[in-house]
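Here is the naming used below: chain letters follow the sequence lines, and residue numbers restart at 1 for every chain. Owing to the predicted nature of the structure, the values given are computational and were not obtained by experimental measurement.
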Amino acid sequence: ETGVTQTPRHLVMGMTNKKSLKCEQHLGHNAMYWYKQSAKKPLELMFVYNFKEQTENNSVPSRFSPECPNSSHLFLHLHTLQPEDSALYLCASSQEGTDTQYFGPGTRLTVL
Amino acid sequence: DAKTTQPTSMDCAEGRAANLPCNHSTISGNEYVYWYRQIHSQGPQYIIHGLKNNETNEMASLIITEDRKSSTLILPHATLRDTAVYYCIVRAYDTGGFKTIFGAGTRLFVKA
């Protein structure tokens, strides 16, 4: 499998549930990103990991918890979300020294 | 990072060249111009980037003015599948990982 993959592609969860989004990149990159895209809004950068270290947390609420166990995998753990957190969550990766980001297909999240 | 200004939307006839402008009048000497596009409900896709010289790849051409204050993305023979939101981003290299900020972009409609 090549490129950036994300699972699941669709997720419906209640406000009391705990779930995780997974991202995997097969490109040998060492930087990974989480973005949120709400309906009719620009992409919002949430987190940046560079060589497994978090280098950016863009004022994201603590109900979103990222995890980067290695340069190829990135998780977003979700708990006690709100309906306004419903959005398309996108993962991307890039090679250090370039800003050419490769995006996954996204996870469409609906919080009931 | 320098701010970019793009038209909200544009139309283009199928088979004709689509010319998407971007203004970045405050660009610094070390900042690159990047273009991405996002087809509805998919992750953004990298198109092309450049610093000073014009660039061409299999997808598009990037024309950067001599003063670097504006650029134009050219899709030489637009097809219906090129209908998407096109983002122009100006970024400089950052060792902490790129914290790319996506604006609203230009919504290109390619019509038959």
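- At a threshold of 4.5 Å between side-chain heavy atoms, the hydrophobic network of Ile, Leu, Val, Met, Phe, Trp and Tyr places Leu62(B) and Ile74(B) in two separate groups.
- Aromatic rings from Phe103(A) and Tyr46(B) are positioned such that their centres are separated by 6.0 Å or more.
- Atom CD1 in Ile47(B) sits 12.0 Å away from atom OG1 in Thr100(A) (nearest 0.5 Å).
- With rounding to the nearest 0.5 angstrom, the CD atom of Gln42(B) is 10.5 Å from the CG atom of Leu88(A).
- Linking ILVMFWY residues whenever their side-chain heavy atoms come closer than 4.5 Å, directly or via other members, leaves Tyr102(A) and Ile39(B) in distinct clusters.
- For the pair Phe102(B)/Leu45(A), no side-chain contact is recorded, criterion being any heavy-atom separation below 4.5 Å from C-beta on.
- Placement of Leu76(A) and Met15(A) within a single hydrophobic cluster is found when ILVMFWY residues are connected by side-chain heavy-atom separations under 4.5 Å, directly or transitively.
- Note on Val111(A) and Phe75(A): separate hydrophobic clusters, where clusters join Ile, Leu, Val, Met, Phe, Trp and Tyr whose side-chain heavy atoms are under 4.5 Å apart, directly or indirectly.
- Under a 3.5 Å cut-off, the side chain of Tyr36(B) and the backbone N or O of Gln101(A) do form a donor-acceptor pair.
- Comparing Pro44(B), Gly103(B), Gly105(B) by how many heavy-atom pairs each has under 4.5 Å with chain A, the most go to Pro44(B).
- For Gln37(A), the part sitting under 4.5 Å from any heavy atom of chain B is the side chain, from C-beta outward, and nothing else.
- At most 12 non-hydrogen atoms from other residues, nucleotides or ligands lie less than 6.0 angstrom from CZ of Arg16(B).
- Each of Met10(B) and Ile63(B) belongs to its own hydrophobic cluster when Ile, Leu, Val, Met, Phe, Trp and Tyr are linked at side-chain heavy-atom distances under 4.5 angstrom.
- Interface residue Leu90(A): only side-chain heavy atoms are found under 4.5 Å from chain B.
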